[in-house]
Amino acid sequence: RAYLVPSFEVISDKRAILHRLFDPTFDPTKTVIIEKDVDSTHKRLASMTGIATITKDTPMEVIVRVALAAPGFLVLADNYFPGWRVSVDGRTEAVMRVNYTFRAVWVPEGDHVVRFSYEPASLLWGKWVTVGAIILACVLYGAYLQKKHDII
């Protein structure tokens, strides 16, 4: 489910991506298809060696240990969805949508810990609304007790 890929192709049209994915000459273990152009520091390599091992796998978080002899893409064969974040050794990176539906991140050579976490904006808003409601309830209850105390 987590694998390393040395090279990429940029194809922005969704139909063209699907066409390329089903092309018999396409090898997803050697190339990923990215919908948007990437940073010029990302190199197309002919091959690479490395290991990707999932060390934690929950619905909200996937942690992968990566050891690479050369830089490349770590592909996580899980659905891309807005709200997923990724960090490499604690440094925030861009989650890329690859091969039409998967998630990936560019990883430099060496040993790294890659953390995919699901942190949608709606979850953050929900937390703040809940905290605000609790504070408001406490203020109103305090005002009620004060008013009750003033009557007695």
Side-chain angles (χ1 to χ4, degrees), residues 1-140:
R1 200 173 112 216
Y3 59 96
L4 301 165
V5 178
S7 188
F8 65 94
E9 294 178 21
V10 178
I11 304 174
S12 57
D13 179 66
K14 292 193 186 305
R15 285 185 180 197
I17 292 171
L18 289 173
H19 186 265
R20 180 69 175 124
L21 285 170
F22 288 103
D23 182 337
T25 64
F26 178 72
D27 183 355
T29 64
K30 294 190 178 7
T31 305
V32 293
I33 298 172
I34 301 173
E35 294 181 18
K36 296 178 183 172
D37 207 356
V38 294
D39 189 308
S40 61
T41 60
H42 298 13
K43 300 172 187 155
R44 289 177 173 90
L45 303 171
S47 65
M48 63 182 274
T49 57
I51 298 171
T53 307
I54 296 175
T55 59
K56 183 176 182 181
D57 187 7
T58 68
M60 303 292 277
E61 180 180 53
V62 179
I63 297 177
V64 184
R65 288 194 162 279
V66 177
L68 291 167
F73 291 92
L74 168 64
V75 178
L76 189 60
D78 290 347
N79 282 333
Y80 173 90
F81 194 78
W84 278 99
R85 309 281 183 254
V86 66
S87 65
V88 177
D89 298 329
R91 190 180 69 251
T92 301
E93 297 290 343
V95 177
M96 290 182 256
R97 183 177 181 161
V98 300
N99 295 356
Y100 193 80
T101 190
F102 295 152
R103 298 189 302 262
V105 64
W106 177 257
V107 182
E109 71 180 71
D111 296 340
H112 304 283
V113 175
V114 179
R115 179 179 179 260
F116 289 90
S117 58
Y118 188 59
E119 303 168 17
S122 59
L123 186 63
L124 182 62
W125 279 103
K127 286 179 183 179
W128 283 111
V129 168
T130 301
V131 168
I134 290 170
I135 291 170
L136 180 61
C138 289
V139 168
L140 292 174

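Here the structure is a predicted model, which is why all the values come from computation and not from measurement.
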Should L74 and H112 be marked as a side-chain contact (heavy atoms from CB on, under 4.5 Å) after you check the CA-CA gap, both sets of side-chain angles, and the distance that decides it? CA-CA 11 Å; L74 168 64; H112 304 283; over 6 Å; no

Checking side-chain contact (heavy atoms from CB on, under 4.5 Å) for the pair T92/R85: CA distance, chi angles, key distance, verdict? CA-CA 8 Å; T92 301; R85 309 281 183 254; over 6 Å; no

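What you find for Y3 and A77 is that their closest heavy atoms are CE2-CB, 4.4 Å. Counting all heavy atoms, side chain and backbone alike, I54 lies closest to A2 at CG1-CB, 3.9 Å. Across all non-hydrogen atoms, the minimal contact from V64 to A52 is CG1-CB, 4.0 Å. Contact detail for P108 and L68: the closest heavy-atom pair is O-CD1, 3.5 Å. In terms of heavy-atom proximity, A67 sits nearest to L4 at O-CD1, 4.3 Å.
Identified under the ring pair (Phe, Tyr, Trp, His ring centres under 6.0 Å) test for residues 10-36, with sequence neighbours left out: none. Listed by first and then second residue, the salt bridge (Lys or Arg N to Asp or Glu O under 4.0 Å) pairs involving residues 63-77 amount to none (not counting sequence neighbours).
Separating the CE atom in M96 from the CZ atom in F73 is a distance of 4.5 Å, to the nearest 0.5 Å. Distance check, rounded to the nearest 0.5 Å: CZ of F8 to CD1 of I33 gives 12.5 Å.
Checked against side chain to side chain contact (heavy atoms under 4.5 Å, CB included), F81 has the following partners two or more places apart in sequence or in another chain: W84, Y118. For the side chain to side chain contact (heavy atoms under 4.5 Å, CB included) test, residues two or more places apart in sequence or in another chain that qualify with S87 are R115. Residues that satisfy the side chain to side chain contact (heavy atoms under 4.5 Å, CB included) test with I51, not counting sequence neighbours, are T53. The side chain to side chain contact (heavy atoms under 4.5 Å, CB included) check on E93 picks up V86, V88, R91, V105, with sequence neighbours excluded.
You'll find the side chain of S12 stays beyond 4.5 Å of the side chain of E35, heavy atoms only. Two residues are said to be in side-chain contact when any heavy atoms from C-beta on lie closer than 4.5 Å; R20 and T25 meet this criterion.
Within the cation-pi definition used here (under 6.0 Å to the ring centroid, within 45° of the axis), R97 qualifies as a partner of Y100.
Remark: side-chain polar atoms of N99 are not paired, donor with acceptor, to backbone N or O of F102 under 3.5 angstrom.
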